Amino acid sequence: MHMSSCRWLAAIVIAVTALGVAPLGAQDTTGRKDTVPVPPPVLAVPVPPPPVPAPAPVTPQPPTIEQIRYAEGLRTATRGVAQLRDGLSRVLRTQQAKDSVSSRRAARRLGGLCASARTFIASGRPKMQPTAYADTLRTFAKQLTVRLDSLSRALPACEKTAGREPTTVATDLTKRLQAYDEALLAYKAALAAQNRPDSTKTVSQQ
């Protein structure tokens, strides 16, 4: 009985071995996968550029003494030019109205205003020296004085003949005054450009 039991156990071991059944401790566990959390990829954060320093404010240079004198002389001369404009305006209005009495009165008034204008221009003109400026602005300042001198040279004849020949005098003065106005506009534009900060330099400094 004992021998038969041993043979029976041996037969079972041989059968199990033949079937390839591995012991429980040696069973393959590759079919089971452990779920390990995968960390998210680390993204590179862009480094911001260094702050751009603000450009230093461009402060216009204060005017020189000569430039202040030029401006003062121009203001004085402008008062005379304003009187001349008033006289020409009176003559023009009376000519359009065709009123002979008013026309003669306006012509005599023009002669008197020409004398007053010449006084103001003669007082302010010596202060207007173009050498007070440099470069392009000097050119415009000189052109303005040339036009002012041209206007001033016509005033003595205006004083004497405006009462007799108002139309001729007014026509000549109007042309000279228009040339003066153009020179004055160019001078003021150049002066404003000089005092304005240079936008090109400001951009390059950034």
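The model shown is predicted, which means the values in this text are computed figures rather than measured ones.
Note that the CZ atom of R108 and the OG atom of S103 stand 10.5 Å from one another [nearest 0.5 Å]. Atom CG of residue L155 and atom OG1 of residue T119 lie 9.5 Å apart, to the nearest 0.5 angstrom. Put simply, CD1 on I121 and CG on L74 are 10.5 Å apart, with the number rounded to the nearest 0.5 Å. A distance of 8.5 Å separates CG in L185 from CD in E182, rounded to the nearest 0.5 Å. From T76, atom OG1 reaches atom CE of M128 across 9.5 Å, with rounding to the nearest 0.5 Å. For the atom pair R109 CZ and S102 OG, the distance stands at 14.0 Å (nearest 0.5 Å).
Within the 4.5 Å cutoff, the side chain of E66 has no heavy atoms near those of the T131 side chain. Side-chain contact between L191 and F140 is absent, with no heavy-atom pair separated by less than 4.5 Å. Proximity of Y133 to Q67: side-chain heavy atoms (C-beta onward) are separated by under 4.5 Å at one or more points. Residues C114 and L173 meet the side-chain proximity criterion, which asks for heavy atoms closer than 4.5 Å. Between L113 and L84, every side-chain heavy-atom pair lies at or beyond the 4.5 Å cut-off. By the 4.5 Å heavy-atom criterion applied to side chains, D181 and R85 are counted as neighbours. Y70 has its side chain within reach of T145: a pair of non-hydrogen atoms, C-beta onward, lies under 4.5 Å apart. Between V81 and L184 the shortest side-chain heavy-atom distance does not fall below 4.5 Å.
Contact check on D149 versus R153 returns no salt bridge, with no Lys/Arg side-chain nitrogen under 4.0 Å from an Asp/Glu carboxylate oxygen.
Counting non-hydrogen atoms of other residues, nucleotides and ligands closer than 6.0 Å to CZ of R79 gives a total of 12 or fewer.
The minimum heavy-atom distance linking A132 with T64 is given by the pair O-OG1, 4.2 Å. For the pair S152 and P156, the tightest heavy-atom approach, listed with the atom from each and the gap, is O-CD, 3.4 Å.
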